[in-house]
Amino acid sequence: MTPKPFSLEGRVAVVTGGYGVIGGSLSAGLGEAGARIALLGRRRNAAEEAAAKLCAGGVDAIAVVADVSDADQLRAVRDEVISRWQRVDILVNAAGGNVPRARSDASSIFDVPLDAIEEVMRLNLHGSLIPSLVFGEAMAAQGSGSIVNISSMASLSAVSGVMGYSVAKAGLDNFTRWLAVDLARRHGDGIRVNAIAPGFFVTTQNRSVLLDANGEYTARSRTIIQRTPMGRFGRPEELVGAVQWLCSDAASFVTGTVIPIDGGFSAFSGV
Ligand SMILES: NC(=O)c1ccc[n+]([C@@H]2O[C@H](COP(=O)([O-])OP(=O)(O)OC[C@H]3O[C@@H](n4cnc5c(N)ncnc54)[C@H](OP(=O)(O)O)[C@@H]3O)[C@@H](O)[C@H]2O)c1
């Protein structure tokens, strides 16, 4: 039989934020490649609805409920997934995003409440770090696994208005490299940790910043498009191929990377 290095047939994947815009697209893509999916978020109804849709399309999917910043809840989910499917092969950390109260688009950074900055950092840094440790432990025990974090263009240079988010995503890039190195050195070449860094996509958490009441681009959107050589926003399904690849045996020597998927945004000086 011909080996299929890109196949995820029979793999067990946990996708945090698995019913969000980007997480939902990645869940469907992993399912299409053959993985069984546990969709994780805080709202059971929303998770169940998304899982039912995947099941209707022939994917083996379940809903699991946890807050990504709560290690006890995540351990309970890990036990639930392992008792159902005996293993965890893939973790995609897609829960995250901006917190409106932590933004300083129209105000001074000095007026942003510190607790809002802590909240956005906790969601975007701890909210990937804690699940990676909880599920990574199971991967270390079984000797194989692939973790994919979702970084951002905000990790590379200053994106106005989103200081806490940017700091958290920059930390996430370092965490991706740190954990990749540590797990490979201590647990061998079967466990890999990578990240994708999406450019700009219109999703639930940023719609009101990128589109006005008539659905037209805001001034911020126009600046983004101007700085994106491909001249458009990305589509969530355009993130799928890279994540399928990173989770598959085709990427067996790839660890510690942060891969931009950004229409050229990060390559462009703006001149
Ligand atoms: N949109 C973009 O342009 C863009 C660009 C670069 C990177 N990203 C990153 O891509 C990821 C997904 O973003 P998105 O735009 O697809 O967001 P989204 O549509 O708002 O989805 C976010 C998901 O995360 C879940 N979530 C939020 N807080 C959680 C928590 N504390 N515990 C568990 N689940 C939680 C939400 O479900 P519940 O609220 O029901 O729990 C939801 O399913 C984020 O990390 C974001 O920073 C987005």
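Just follow the structure's listing: the first ligand is 1, and inside any ligand the first atom is 1.
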Using non-hydrogen atoms of the residue, decide whether [X] is closer than 4.0 angstrom to ligand 1.
X: M153; answer: no
X: Y165; answer: yes
X: I150; answer: yes
X: G199; answer: yes
X: A94; answer: yes
X: A197; answer: no

What protein heavy atom sits nearest atom 35 (C) of ligand 1, and how far away is it?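 Result for atom 35 (C) of ligand 1: A95 CB, 3.7 Å.
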Among all protein heavy atoms, pick out the one at the shortest distance from atom 25 (C) of ligand 1; state its residue, atom name and that distance to 0.1 Å.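 Closest protein heavy atom to atom 25 (C) of ligand 1: G17 CA, 3.7 Å.
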Residues E118 and R122 bridged, charged N to O under 4.0 Å: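 Between R122 and E118 there is no salt bridge, as every charged N stays at least 4.0 Å from the carboxylate O atoms.
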Would you mind running through ligand 1 and noting each atom that sits below 4.0 Å from a heavy atom of [X]?
X: N206; result: 1 (N), 2 (C), 3 (O)
X: A66; result: 32 (N), 33 (C)
X: N124; result: 47 (O)

N149 and its side-chain hydrogen bond (donor to acceptor under 3.5 Å, both in side chains) partner, picked from D173, N93, N124, N194: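 Going through D173, N93, N124, N194 one by one, the side-chain hydrogen bond (donor to acceptor under 3.5 Å, both in side chains) with N149 is satisfied by N93 alone.
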Would [X] count as being in polar contact with ligand 1, using the rule that some N or O on each side must be under 3.5 angstrom apart?
X: V68; result: yes
X: G20; result: yes
X: S151; result: no
X: S69; result: no
X: V21; result: yes

Side chain, backbone, both or neither: L123 near ligand 1, heavy atoms under 4.0 Å: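 The answer is the side chain of L123.
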E137 atom CD, over 12 foreign heavy atoms within 6.0 Å: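 No, because the 6.0 Å sphere around CD of E137 holds 12 heavy atoms or fewer from other groups.
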As a check for students: among S128, G96, A168, identify the option with a heavy atom nearest to atom 22 (C) of ligand 1.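 Heavy atom nearest to atom 22 (C) of ligand 1 belongs to G96.
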Heavy-atom nearest option to atom 31 (N) of ligand 1, drawn from I224, I261, D67: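 Among I224, I261, D67, the closest heavy atom to atom 31 (N) of ligand 1 belongs to D67.
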